[in-house]
**Q** 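The structure under discussion is supplied below as structure tokens; questions concerning it will follow.
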There are 2 protein chains.
Amino acid sequence: MVSNERVGRSLLRQEVSERIKRYILDNRLRPGSPLPTENELCAALGASRSSVREAIKTLDALDIVEVRHGHGTYVGGLSLSALVEGLTFRGLLSPNDDFAVLSELVDVRELFERGNAAAIISALDGPHLDTLDDLASSMGTAVDADRVVADRRFHALLVNPLGNELVSQLTDAFWDVFTAVAPRLGLTPSDQDPVRLHKAIVHAARAGDSLAFADAVVAHYAPIRTRVAAARHAQSIRN
Amino acid sequence: MVSNERVGRSLLRQEVSERIKRYILDNRLRPGSPLPTENELCAALGASRSSVREAIKTLDALDIVEVRHGHGTYVGGLSLSALVEGLTFRGLLSPNDDFAVLSELVDVRELFERGNAAAIISALDGPHLDTLDDLASSMGTAVDADRVVADRRFHALLVNPLGNELVSQLTDAFWDVFTAVAPRLGLTPSDQDPVRLHKAIVHAARAGDSLAFADAVVAHYAPIRTRVAAARHAQSIRN
DNA sequence: GATCGTTGGATTGTTTGACAATCGTTCCGC
DNA sequence: GCGGAACGATTGTCAAACAATCCAACGATC
């Protein structure tokens with residue numbers, strides 16, 4: 001017990017967590033860079049291994065730190081995995097209305113594509129459009145899991161040319177949350193023709209028509225909206 | 001050591017974490033509901049207190065669980081605090097480009113308001129508009145912290161009438177991240193006239209002109225964009 | 001009777017020490 | 001040269017004890 005001035009409102013493991021974060025920042029470490037071992041951190045920060053470990057677990061949950069059993073602790077990928085896990089759980093719990101989160105998710109996902117229509121169109125080039133077309137086509141031929149993968153890639157590639165990594169990661173995250181929550185709430189995938197709905201988006205982009213692009217995006221999410229609303233309504237009657 | 005069939009890739013504390021989440025879901029607990037004590041969880045899940053505590057710390061970081069010292073453990077608020085902390089840290093670390101995250105944040109914040117222009121306008125009523133006007137005015141008279149508070153409330157109230165809690169919380173979260181990161185990167189607040197820029201948004205909303213609304217939103221973020229770009233450029237020259 | 005301080009129990013926070021599980025590497029036998 | 005075995009380092013788990021905190025019940029005082 002060296003510096004015992006930790007009075008009042010401060011929990012030790014939170015102090016440790018802050019100091020580990022500061023260590024990463026001060027040393028300009030990068031994702032993947034190794035961190036001191038637990039014992040070294042204990043000695044450096046003057047805390048027991050339990051406290052250090054609990055602090056590390058907190059940072060691990062935020063993907064600020066990544067722990068490999070038997071190997072060491074490293075700077076994490078700084079992904080949005082915490083958002084995905086948190087939102088997924090909220091979607092499964094959902095006070096009052098089980099489908100509110102799903103409905104709101106669709107709104108945001110649509111907004112990301114519709115609201116960036118002009119920028120997306122001007123950033124998409126020929127090869128990119130061809131890839132999108134291929135993905136749309138594959139949603140007709142592929143089966144089950146592959147179809148889902150194609151859908152995910154399609155929407156990821158749609159916003160990627162924006163060059164905004166945050167938008168790209170949020171798009172992925174919201175897609176992950178939706179596909180994780182929907183089936184566990186008994187929501188079956190839309191039976192509308194996915195090929196046509198996705199190709200319409202590509203077609204509008206190729207034509208450089210941002211209004212048509214926005215309309216196509218809205219049309220793409222319309223059947224999903226309908227399905228969520230139907231399940232929502234069925235639930236409200238059931239109760 | 002009772003059920004020792006935890007072979008292979010599964011870590012005990014992760015199993016514990018999953019079972020706590022399932023416990024909350026199965027019992028349909030709500031934010032604020034009490035959870036079993038640590039010792040009860042140890043007995044119920046057949047794990048030591050260390051493992052249970054580390055699992056709880058993981059859930060605590062995601063705001064799935066909330067721990068009160070000396071009192072107990074409860075279901076958390078399911079907020080986006082993990083997103084805020086994670087993005088803030090990423091913004092402070094920022095491999096390669098310190099201002100990339102900041103720049104992307106502005107894009108997303110603008111998108112939330114610009115892309116929902118029509119829906120926001122049709123959802124805003126008279127009293128709501130008056131409140132927004134008052135907030136805009138107070139940015140001229142208020143000082144320091146109060147001015148910042150008014151700005152936050154303004155943008156929160158702007159998207160609130162959408163009725164989409166996810167959008168509202170993301171707006172708050174991104175605002176929090178920006179204001180946490182910007183000063184620590186040496187970015188001083190814009191010296192443009194905030195009253196005029198915010199009032200223009202309200203004025204367009206009152207007129208029911210969604211195009212003017214979108215333009216006003218863009219104009220509002222323009223000086224911030226400029227400032228971020230300038231800092232970004234200054235950094236690229238420095239290196 | 002009301003109010004305030006005290007006491008006690010319950011619960012989480014922290015420490016310490018030990019051993020298990022995992023991962024790389026190094027070394028050895030072949 | 002190559003494959004397996006042993007080893008060291010590191011994280012994972014367990015156990016027991018004590019500290020810090022919160023709350024409520026109790027009691028003293030006014």
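So you know, we letter chains A, B, ... as the sequences are listed, proteins then strands, and number each from 1. Quick note: numbers below take in every heavy atom, side chains included, and nothing from hydrogens, waters or symmetry partners.
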**Q** Distance check needed: C:dT12 P versus A:Gln14 CD, whole Å only.
**A**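 After rounding, the reported distance stands at 16 Å.
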**Q** Taking only residues two or more places apart in sequence, or in another chain, which ones meet A:Phe89 in a ring-ring contact (aromatic ring centres under 6.0 Å, His included)?
**A**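 A:Phe89: no ring-ring contact (aromatic ring centres under 6.0 Å, His included) contacts found.
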**Q** Nearest to the A:Glu38 side chain among D:dG12, C:dT16, D:dC14, which nucleotide is it?
**A**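 The listed nucleotide nearest to A:Glu38's side chain is D:dG12.
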**Q** Choose from D:dG12, C:dT12, C:dT16 the nucleotide whose nearest atom is closest to any side-chain atom of B:Asn39.
**A**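 Output: C:dT12.
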**Q** Let me check something: any side-chain donor-acceptor pairs from residues 59-75 of chain B under 3.5 Å, sequence neighbours excluded? List them with distances.
**A**
residue : atom : partner : partner atom : Å
B:Asp63 : OD1  : B:Gly77 : N            : 3.3
B:Asp63 : OD2  : B:Leu78 : N            : 3.3
B:Asp63 : OD2  : B:Ser79 : N            : 2.9
B:Asp63 : OD2  : B:Ser79 : OG           : 2.7
B:His71 : ND1  : B:Tyr74 : OH           : 2.6

**Q** Can you tell me the distance, in whole Å, between the CG atom of B:Leu11 and the C1' atom of D:dC14?
**A**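 Taking CG of B:Leu11 and C1' of D:dC14, I get 15 Å after rounding.
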**Q** Can you tell me the distance, in whole Å, between the NZ atom of A:Lys57 and the C1' atom of D:dT13?
**A**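 Rounding to the nearest Å, NZ of A:Lys57 and C1' of D:dT13 are 11 Å apart.
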**Q** Please determine whether the number of non-hydrogen atoms from other residues, nucleotides or ligands lying under 6.0 Å from atom CZ of A:Arg152 exceeds 12.
**A** yes
**Q** Considering only NZ, NE, NH1 and NH2 on the basic side and carboxylate oxygens on the acidic side, decide whether A:Glu85 and B:Lys21 come within less than 4.0 Å.
**A**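 Here A:Glu85 pairs with B:Lys21 in a salt bridge, since their nearest N and O are under 4.0 Å apart.
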**Q** Whole Å only: how far is the CZ atom of A:Arg49 from the P atom of C:dT16?
**A**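 Distance check: A:Arg49 CZ to C:dT16 P gives 13 Å.
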**Q** Can you check the B:Glu54 CD to C:dG13 C1' distance for me, whole Å?
**A** 14 Å
**Q** Describe the nucleic acid contact of A:Arg53 in one word from base, sugar-phosphate, nothing, applying a heavy-atom distance below 4.0 Å.
**A**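 Touches a base.
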**Q** Just wondering, are more than 12 heavy atoms of other shown residues or ligands nearer than 6.0 Å to CZ in B:Arg232?
**A**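 Counting neighbours around CZ of B:Arg232, more than 12 heavy atoms of other residues, nucleotides or ligands fall under 6.0 Å, so yes.
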**Q** Among D:dA15, C:dG13, C:dT16, which nucleotide has an atom closest to any side-chain atom of B:Ser48?
**A**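 The closest nucleotide is D:dA15.
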**Q** Given C:dG13, D:dT10, C:dT15, which nucleotide is nearest the side-chain atoms of A:Thr37?
**A** D:dT10
**Q** Side-chain N or O of A:Ser50 versus OP1/OP2 of C:dG13: is the shortest distance under 4.0 Å?
**A** no
**Q** Could you check whether the rings of B:Phe112 and B:Phe174 sit parallel, tilted or perpendicular, using 30° and 60° as the cut-offs?
**A**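 Rings of B:Phe112 and B:Phe174: perpendicular, as their planes differ by over 60°.
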**Q** Listed in order of residue number, which residues of residues 59-77 of chain B have a non-hydrogen atom at under 4.0 Å from DNA chain D?
**A**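 Those residues whose heavy atoms fall under 4.0 Å from DNA chain D, taken from residues 59-77 of chain B in numerical order, are B:His69, B:Gly70, B:His71.
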**Q** For the pair made of CG in B:Leu41 and C1' in C:dT12, what is the distance, rounded to whole Å?
**A** 12 Å
**Q** Rounding to an integer number of Å, can you tell me how far A:Ile56 CD1 sits from C:dT14 P?
**A**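 Roughly 14 Å, once rounded to whole Å.
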**Q** Starting from C1' on C:dA10, measure out to CD on B:Glu40 and report it in whole angstrom.
**A**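 Rounded to the whole Å, the gap is 11 Å.
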**Q** Take the angle between the ring planes of B:His155 and B:Tyr221 and call it parallel below 30°, perpendicular above 60°, tilted in between.
**A**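 Aromatic pair B:His155/B:Tyr221 classed tilted.
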